[in-house]
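For reference, the structure discussed in these notes is given below.
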Amino acid sequence: MSIQPDLFGGAFLMRRWGRIGTAGHLRLDQYADEGAATNALAHLAQKKLKRGYRVIAQDALLFS
């Protein structure tokens with residue numbers, strides 16, 4: 001998961017998932033500003049950690 005700015009002052013929360021060796025899936029959720037996207041990322045990361053996922057790369061919050 002990562003946050004990417006858009007051209008109009010908003011931000012996207014980008015989520016990728018899938019099996020290793022495949023193209024996988026991409027989901028972009030648009031937010032009004034970077035703060036809202038950051039809050040959404042923190043909420044989703046907390047849910048993943050509660051389900052037993054582990055962070056494997058901090059720069060883009062990769063889970064395994």
Side-chain angles (χ1 to χ4, degrees):
M1 294 188 292
S2 65
I3 297 172
Q4 302 294 321
D6 71 6
L7 297 175
F8 305 106
F12 286 103
L13 173 57
M14 183 171 65
R15 298 191 269 173
R16 289 183 179 271
W17 70 94
R19 294 182 64 96
I20 295 173
T22 67
H25 300 278
L26 172 67
R27 178 175 172 166
L28 294 173
D29 296 322
Q30 188 174 16
Y31 292 91
D33 58 26
E34 190 173 343
T38 301
N39 289 340
L41 184 141
H43 179 74
L44 288 168
Q46 194 66 10
K47 285 175 59 175
K48 295 274 187 202
L49 292 171
K50 283 183 180 179
R51 292 183 61 204
Y53 286 81
R54 295 176 294 134
V55 177
I56 58 170
Q58 192 64 34
D59 60 337
L61 271 186
L62 298 176
F63 291 94
S64 71

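Predicted, not measured: the structure shown is a model, and the values here were computed from it.
- Each ring-ring contact (aromatic ring centres under 6.0 Å, His included) pair with one or both residues in residues 10-39, not counting sequence neighbours, appears once here: W17-H25.
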Stepwise side chain to side chain contact (heavy atoms under 4.5 Å, CB included) check, L44 with R15: CA-CA 10 Å; L44 288 168; R15 298 191 269 173; 3.6 Å; yes
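- One finds the CG atom of D29 at 11.5 Å from the CD1 atom of I3 (value rounded to the nearest 0.5 Å).
- By the side chain to side chain donor-acceptor pair (under 3.5 Å) test, E34 pairs with no residue at all, sequence neighbours left out.
- In this structure the side chain of M14 reaches within 4.5 angstrom of the side chain of L26, judged on heavy atoms.
- A donor-acceptor pair under 3.5 Å is formed between the side chain of D6 and the backbone N or O of G9.
- The minimum heavy-atom distance linking L13 with A40 is given by the pair CD2-CB, 4.1 Å.
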